[in-house]
Amino acid sequence: MATPVKVKLEADQTHYFCTCGKSTDGVLCDGSHKGTTYRPKLFTVDTTKEYSLCACKQSGNLPFCDGTHRKV
Ligand code: FES
């Protein structure tokens with residue numbers, strides 16, 4: 001079971017959510033998707049703070065954890 005990863009994100013900057021699951025931290029793209037059909041999901045946040053990002057990739061509110069990992 002992939003549990004969420006807490007990451008501090010800066011407001012009003014583009015962040016790249018890993019959709020392939022191969023990145024080192026499992027949540028932010030580090031280019032490991034190269035050679036696959038996956039592409040990172042671009043997103044921003046309104047407030048600079050720590051967020052729980054989805055590592056199981058099943059959240060209904062990607063890139064944020066919504067607790068779905070407890071059911072898969
Ligand atoms: S490393 Fe997973 S989408 Fe880029």
Side-chain angles (χ1 to χ4, degrees):
M1 174 174 60
T3 55
V5 177
K6 291 190 175 186
V7 180
K8 184 178 180 187
L9 299 174
E10 299 290 324
D12 303 322
Q13 290 187 4
T14 302
H15 303 284
Y16 299 83
F17 178 67
C18 170
T19 60
C20 76
K22 291 183 168 193
S23 69
T24 301
D25 69 3
V27 292
L28 293 177
C29 177
D30 63 4
S32 297
H33 64 270
K34 284 189 181 138
T36 74
T37 58
Y38 289 93
R39 296 292 176 269
K41 175 183 173 67
L42 280 59
F43 69 104
T44 59
V45 294
D46 294 334
T47 306
T48 298
K49 65 174 188 171
E50 195 171 73
Y51 291 86
S52 289
L53 298 184
C54 173
C56 75
K57 315 302 181 189
Q58 303 298 312
S59 170
N61 187 33
L62 288 174
F64 306 104
C65 174
D66 70 354
T68 299
H69 64 276
R70 293 188 206 107
K71 302 174 200 157
V72 291

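Each residue takes its place number in the sequence, starting with 1. Remember, it's 1-based here, ligands and their atoms both numbered in the order they're listed. Remember, predicted model here, so these are calculated numbers, not experimental data.
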Quiz prompt | Reported CG-to-CG distance for the pair Asp30 and Asp25, which is rounded to 0.5 angstrom | solution =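 CG of Asp25 is found 7.0 Å from CG of Asp30.
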Practice problem: Could you list the residues that satisfy side chain to side chain donor-acceptor pair (under 3.5 Å) with Thr36, not counting sequence neighbours? | Solution: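 For Thr36, no residue satisfies side chain to side chain donor-acceptor pair (under 3.5 Å) once neighbours in sequence are set aside.
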Quiz item: Is the backbone N or O of Arg39 less than 3.5 Å from a side-chain atom of Thr19, with the two atoms forming a donor-acceptor pair by type?
Solution: yes
Quiz prompt | Check: Asp12 main-chain N/O paired with Thr44 side-chain donor or acceptor under 3.5 Å | solution =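 Checked: no pair found.
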Quiz item: Counting from 1, what ligand 1 atoms have a heavy atom of Asp30 closer than 4.0 Å?
Solution: 1 (S)
Quiz item: With a cut-off of 2.8 Å, does any N, O or S atom of Cys20 fall short of it relative to atom 2 (Fe) of ligand 1?
Solution: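 A backbone or side-chain N, O or S atom of Cys20 is under 2.8 Å from atom 2 (Fe) of ligand 1.
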Quiz item: Do any of the N/O/S atoms of Cys29, backbone or side chain, fall under 2.8 Å from atom 2 (Fe) of ligand 1?
Solution: no
Quiz prompt | atom 4 (Fe) of ligand 1: the protein heavy-atom neighbour that sits closest, reported with distance to 0.1 Å | solution = His33 ND1, 2.2 Å
Quiz item: To the nearest 0.1 Å, how far is atom 3 (S) of ligand 1 from its closest protein heavy atom, and which atom is that?
Solution: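 Its nearest protein heavy-atom neighbour is Thr19 N, 3.4 Å.
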Quiz item: Would Leu62 and Leu28 show up in the same hydrophobic cluster when neighbours are defined by side-chain heavy atoms closer than 4.5 Å?
Solution: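 Both belong to a single hydrophobic cluster.
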